[in-house]
Amino acid sequence: MKQNILCFFLLTSLLTSPNVNAQDTGTTQRFKTKGGLIGYGKAINNNTDYKVFFLMGDFSWSFKRTVTKPIFLAWYFEPQINPVKTPRPLDIELGANLGLRNYICINPRFYLYQMIGSGPHYISAEVQRQAKGFIFSDNFAVGAFTGLKKKNLFLNLQLRYRHISNAGLKSPNGGIDSWNFLVGVSGFN
């Protein structure tokens, strides 16, 4: 499954035609975003009742001080506290992800992106496949920023595949895999 997602990321990068002029990226300074996301995800593992409701910050900043090309790389950081529904009434996840986001500027009001990252988390949920406590959240996502009427405000739509597990530090460690849909608003620069 992870190989298919990685192939999709690579294929999307290769097939996207960067026929936008460098001036059309909309910025000649460090590209930065700050905003938030909410979303929903459900475990795709058999016999695993794990539904997550995302409440997260979303921040990114380009590697280069000046962005002059339509395709550029940025860091991203996502602090989060996520309510989780399991067979128990309510559990919680909290942690942060850090990773890389590849932006493709179609025009100054529309950006596509792909991202990959990981981060430490804590889960209070007790599920058959995964021990509660310290885990890692590994994420692969594709998304789009589309401009809203206010000049520097963008709608962020994202489809994410996520795997959480504890790297074998505690048993059980079957991991929980999920597809997640997130939506949010971000400000640019």
Side-chain angles (χ1 to χ4, degrees), residues 1-13 33-61 63 73-103 112-145 155-186:
M1 179 60 126
K2 287 183 182 179
Q3 294 86 359
N4 292 343
I5 293 170
L6 201 51
C7 286
F8 177 75
F9 274 93
L10 196 55
L11 187 60
T12 304
S13 291
T33 69
K34 59 182 172 183
L37 291 163
I38 59 171
Y40 173 77
K42 182 178 177 184
I44 57 175
N45 309 93
N46 290 335
N47 302 321
T48 303
D49 186 12
Y50 193 90
K51 297 175 183 108
V52 61
F53 303 91
F54 292 95
L55 302 170
M56 62 195 336
D58 181 57
F59 306 91
S60 72
W61 56 100
F63 277 95
L73 197 58
W75 289 101
Y76 78 86
F77 174 66
E78 296 174 331
Q80 53 196 272
I81 182 163
N82 306 324
V84 176
K85 174 149 181 2
T86 62
R88 297 176 359 164
L90 184 64
D91 283 295
I92 198 90
E93 288 180 7
L94 59 99
N97 293 327
L98 181 65
L100 299 174
R101 192 176 279 169
N102 180 50
Y103 284 98
L112 297 174
Y113 65 85
Q114 310 148 13
M115 59 186 241
I116 184 170
S118 187
H121 282 60
Y122 171 84
I123 62 171
S124 66
E126 293 185 36
V127 293
Q128 186 176 2
R129 295 183 54 82
Q130 186 62 53
K132 74 177 185 174
F134 179 75
I135 60 157
F136 291 97
S137 172
D138 303 321
N139 301 276
F140 304 94
V142 292
F145 282 105
L155 180 66
N156 184 359
L157 301 170
Q158 186 182 110
L159 178 64
R160 177 182 297 216
Y161 172 80
R162 183 173 82 143
H163 171 79
I164 59 174
S165 67
N166 65 26
L169 299 174
K170 194 193 248 187
S171 291
N173 186 39
I176 301 170
D177 300 313
S178 61
W179 283 104
N180 313 280
F181 179 74
L182 297 101
V183 63
V185 175
S186 291

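Side chains are part of it too, since the values below use all heavy atoms of this structure and drop only hydrogens, waters and symmetry mates.
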Q: In terms of heavy-atom contacts, does NZ of K51 have more than 12 from other residues, nucleotides or ligands at under 6.0 Å?
A: yes
Q: Going by side-chain contact (heavy atoms from CB on, under 4.5 Å), L37 matches just one of N180, V185, D58. Which one?
A: D58
Q: Are a donor atom and an acceptor atom from the side chains of T86 and D49 found within less than 3.5 Å of each other?
A: no
Q: Distance check, rounded to the nearest 0.5 Å: K34 atom NZ versus F77 atom CZ?
A: 14.5 Å
Q: Nearest 0.5 Å please: distance from the CD1 atom of I176 over to the CD atom of Q128.
A: 11.0 Å
Q: Could you check whether R162 pairs with E78 (Lys NZ or Arg NE/NH1/NH2 to Asp/Glu carboxylate O, under 4.0 Å)?
A: no
Q: Take atom CD1 of I38 as the centre, draw a 6.0 Å sphere, and report whether it contains more than 12 heavy atoms from other residues, nucleotides or ligands.
A: no
Q: Is any side-chain heavy atom of F181 less than 4.5 Å from a side-chain heavy atom of Y40?
A: no
Q: Can any side-chain N or O of N139 pair as donor or acceptor with the backbone N or O of S137 at less than 3.5 Å?
A: yes
Q: Taking D91's backbone N and O only, do any of them form a donor-acceptor pair with S124's side chain (distance below 3.5 Å, no angle check)?
A: no
Q: We want to know whether Y113 and S60 form a side-chain donor-acceptor pair, criterion being a heavy-atom distance below 3.5 angstrom.
A: no
Q: Backbone N or O of K132 within a donor-acceptor pair of the K170 side chain at under 3.5 Å?
A: yes
Q: Between N173 and Q130, is there a side-chain heavy-atom distance shorter than 4.5 Å?
A: yes
Q: Do the side chain of H163 and the main chain of Y161 share a donor and acceptor less than 3.5 angstrom apart?
A: no
Q: Do H121 and I164 have side chains that approach each other closer than 4.5 Å (heavy atoms only, starting at C-beta)?
A: no
Q: Could you state the interatomic distance from CG (D177) to CG (N45), rounded to the nearest 0.5 Å?
A: 4.5 Å
Q: So, the side chain of N102 versus the backbone of Q114: is there a donor-acceptor pair under 3.5 Å, distance only?
A: no
Q: Checking side-chain contact (heavy atoms from CB on, under 4.5 Å) for the pair V52/E93: CA distance, chi angles, key distance, verdict?
A: CA-CA 8 Å; V52 61; E93 288 180 7; 3.9 Å; yes
